[in-house]
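Since the structure comes first, as structure tokens, the remarks are kept for the end.
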Amino acid sequence: MKHPIAPLTLAFGLALALPGAAWAQAASAAAAAAPALAASAAAAASAAAAAAPAPKIDTGDTAWMLTSTLLVILMTIPGLALFYGGLGRAKNMLSVLVQVFVIFALVSVLWALYGYSLAFSGEGNFFGGLDKLFLKGVTPETFGALTTIPEYVFLAFQGTFAAITVALIVGAFAERARFSAVLLFAVLWFTFSYVPMAHIVWGGGLLAKDGALDFAGGTVVHINAGIAGLVGAYLVGKRIGFGREALAPHSLTLTMVGASLLWVGWFGFNAGSAGAANAIAGLAFVNTVLATAAATLSWIALEAMHKGKASMLGAASGAVAGLVAVTPAAGFVGPMGAIVMGVIAGACGLWGVSGLKRLLRVDDAFDVFGVHGVCGIVGAILTGVFAAQGLGGTGGLTPDSFSMGAQVWIQIKSVLFTIVWSAVVSLIAFKIADLVLGLRVSEEDERQGLDISSHGETAYSR
């Protein structure tokens, strides 16, 4: 249907060519036609609105989303906490657990106060609005972005994503950062990096309008956190003895348990991002199994070829690499595409924590950038490839007009945007935390261990 302004434009053009009486007649006709066309357009809009199903709670969708929310919480506490804790030394085990646990609590509150509103209300390119500040207007009867589950459930699900993203970063500068400074950084980074990125990609912001594919957080979560971790590792500095002393994990048993909880919880992360108990959730579920399994096998195979032995740490790291890589693609690629992505992620992750880490000369303690940053970048770009129908994918957001080349370029732009945004915000947030509180504990406290020096407790009895 043509816009109502078209007849007026035609009349104006005729007015330039027709003399007096003809001009008056044409203008009169146009003026008479405009209200009719406007009424027709309004009727069409009303018909479209009437055709759209009214929001209505679906008990199956709601049950699945509540379950998915619990699974993502399981990923963080205890999953991520144990995964990271096992990678540290015994004298710092408790400090890692405390940082992850308290950040989860802190971000959960901030999400309810203002994060949800800025991420999922309003139509700005970079930030949403303040319409739902302090959860104003959110009730058991309201709906958020999903029209089959209560808004409270959507709010809670998205809040778990925010919490685990901020918690991921602490692994990069673990065992030497001041607890109070970590919390101040968390507030700043959550506010000016996570929240806007969530709006930019998922809340109708700049990258959403560009057509970027990020099913469950490749850019919003993993690249965002990976870059922040890299910046933090540089600014906090290397651990005492880094490169000269053995800084080996104290409990690979706990790391394996944590990795297993991450894998289980990730089904809520990926399959829950379908927003309903439907076929896409099933596809994301299968892809989460296959990509993770393929990455695990890829990592340990290459590790065995390089070092002569396959390690438990390598298997756990490979699993996380596969989980990270498939996250942006989970609902857009086919199972065979997920396997290929997993194989590639395993190889790239191994390079990220070995070759790239040495090249950068950075003490990324638990390889936040090497795994989450590198594999997040790989997964985001490959999503544009394997989403193609010819490779078993769904065709992304616009199957009828999907173009692999165009989509890969959109994915690359979203990756570059995320890298720059996160790097700038992270640098400023870390600098503020350093100026106000100081990022690094004293050398004496670091040697003693943060469990005792920062928290007055120990993870293990002596």
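In this structure, L106 CG and L184 CG are separated by 10.0 Å, a value rounded to the nearest 0.5 Å. Between the OG1 atom in T62 and the CG atom in L146 there is a gap of 9.5 Å [rounded to 0.5 Å]. Remark: S414 OG to I419 CD1 distance equals 9.5 Å, nearest 0.5 Å. In this structure, L87 CG and N92 CG are separated by 12.5 Å, a value rounded to the nearest 0.5 Å. Separation of atoms CG (L262) and CG (L82) is listed at 9.0 Å; rounding is to 0.5 Å. From D210, atom CG reaches atom CG of N125 across 10.5 Å, with rounding to the nearest 0.5 Å.
Of the N and O atoms on the side chains of T191 and Y114, at least one donor lies less than 3.5 Å from an acceptor on the other residue. Counted by atom type alone, W299 and S317 present zero donor-acceptor pairs between their side chains at under 3.5 Å. Side-chain polar atoms of D451 and T458 form no donor-acceptor pair below 3.5 angstrom. For the residue pair N270 / S273, no side-chain donor-acceptor distance below 3.5 Å is found, with atom types taken as modelled. Using a 3.5 Å distance cut-off with no hydrogens or angles, the side chains of D61 and T148 do pair a donor with an acceptor. When only modelled atom types and interatomic distance are considered, N224 and S193 share a side-chain donor-acceptor pair under 3.5 Å. Side chains of T327 and W266: a donor on one and an acceptor on the other come within 3.5 Å. Looking only at atom types and distance, the side chain of Q448 has no donor-acceptor partner in the side chain of E444 under 3.5 Å away.
Here the side chains of L80 and F366 are not in contact, with every heavy-atom distance at 4.5 Å or above. Counting heavy atoms from C-beta on, the side chains of V368 and I169 never come closer than 4.5 Å. When side chains are defined from C-beta on, I103 does not count as touching F190, because their heavy atoms never get closer than 4.5 Å. Inter-residue side-chain proximity for Y194 and V107 is flagged as unmet; no heavy-atom pair is nearer than 4.5 Å. Contact of the L235 side chain with the L427 side chain is registered, since non-hydrogen atoms from C-beta on lie closer than 4.5 Å. Using a 4.5 Å cut-off on side-chain heavy atoms (C-beta onward), V220 and T165 make no contact. In this structure, the side chains of F161 and F269 come closer than 4.5 Å at one or more pairs of heavy atoms. Between N287 and P335, some side-chain heavy-atom pair lies under the 4.5 Å cut-off.
Between F173 and F430, the ring centre distance stays below 6.0 Å. A distance of 6.0 Å or more separates the ring centres of H199 and W421. Taking the six-membered ring wherever Trp is involved, the centroid distance between the rings of F154 and F120 falls below 6.0 Å.
Under a cut-off of 6.0 angstrom, the local environment of NZ in K413 is crowded, with over 12 non-hydrogen atoms contributed by other residues, nucleotides or ligands. Environment of CE in M256: sparse, with no more than 12 heavy atoms of neighbouring residues, nucleotides or ligands closer than 6.0 Å. For F101, the CZ atom counts as loosely surrounded, since its 6.0 Å shell holds 12 or fewer non-hydrogen atoms of other residues, nucleotides or ligands.
In this structure, I227 and S422 approach most closely via the heavy-atom pair CB-OG, 3.8 Å. Residues T219 and A380 approach most closely at CG2-CB, 4.5 Å, considering heavy atoms. Across every non-hydrogen atom of S311 and I300, the tightest pair is O-CG2, 4.1 Å. The two residues W189 and A228 have their closest heavy-atom pair at NE1-CB, 3.5 Å. Nearest heavy-atom pair, A388 versus F402, reported as atom, atom and distance to 0.1 Å: CA-CE2, 3.4 Å. Among all heavy-atom pairs drawn from G272 and S68, the shortest one is CA-OG, 3.4 Å.
Checked by atom type and distance alone, the side chain of R178 pairs as donor or acceptor with a backbone atom of G438 at under 3.5 Å. Formation of a donor-acceptor pair under 3.5 Å by the Q411 side chain with backbone atoms of G384 is not found in this model. With hydrogens and angles ignored, the 3.5 Å screen pairs no side-chain donor or acceptor of W202 with any backbone N or O of G217. No donor-acceptor pair closer than 3.5 Å links the side chain of R440 to the backbone N or O of A177. When atom types are taken as modelled, the side chain of Q99 and the backbone of A167 share no donor-acceptor pair closer than 3.5 angstrom. With Q407 contributing its side chain and G211 its backbone, the two residues share a donor-acceptor pair below 3.5 Å.
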- Message: Assess the residue pair L450 and V441 against the criterion (side chain to side chain contact (heavy atoms under 4.5 Å, CB included)); give the C-alpha distance rounded to whole Å, side-chain angles, the decisive distance to 0.1 Å, and a yes or no.
- Response: CA-CA 9 Å; L450 272 62; V441 299; 4.1 Å; yes
- Candidate pair M341 and I344, rule side chain to side chain contact (heavy atoms under 4.5 Å, CB included), full reasoning: CA-CA 5 Å; M341 289 182 69; I344 295 171; 5.8 Å; no
- Task: Output, in order, the C-alpha distance, side-chain angles, deciding distance and verdict of side chain to side chain contact (heavy atoms under 4.5 Å, CB included) for T394 and L283.
- Result: CA-CA 10 Å; T394 66; L283 174 64; 3.9 Å; yes
- Do V289 and F267 pass the side chain to side chain contact (heavy atoms under 4.5 Å, CB included) test, and can you show the C-alpha distance, the side-chain angles, and the key distance before you say yes or no? CA-CA 8 Å; V289 176; F267 291 110; 3.4 Å; yes
- Item | Pair E175-K91, salt bridge (Lys or Arg N to Asp or Glu O under 4.0 Å): steps then yes or no | CA-CA 9 Å; E175 303 194 295; K91 64 182 181 180; over 6 Å; no
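By the side chain to side chain contact (heavy atoms under 4.5 Å, CB included) test, A90 pairs with H250, Y460, sequence neighbours left out.
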Less than 3.5 Å apart, which donor and acceptor atoms pair up between the side chains of residues 130-138 and the rest of the protein, not counting sequence neighbours?
from: K132; atom 1: NZ; to: E151; atom 2: OE2; distance (Å): 2.4

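Electrostatic pairing of R239 and E245 does not count as a salt bridge here, judged by no charged N lying under 4.0 Å from a carboxylate O. The pair E303-K309 does not count as a salt bridge, with every side-chain nitrogen at least 4.0 angstrom from each carboxylate oxygen. Checked for salt-bridge contact, D364 and K357 miss the test: no charged N lies under 4.0 Å from a carboxylate O.
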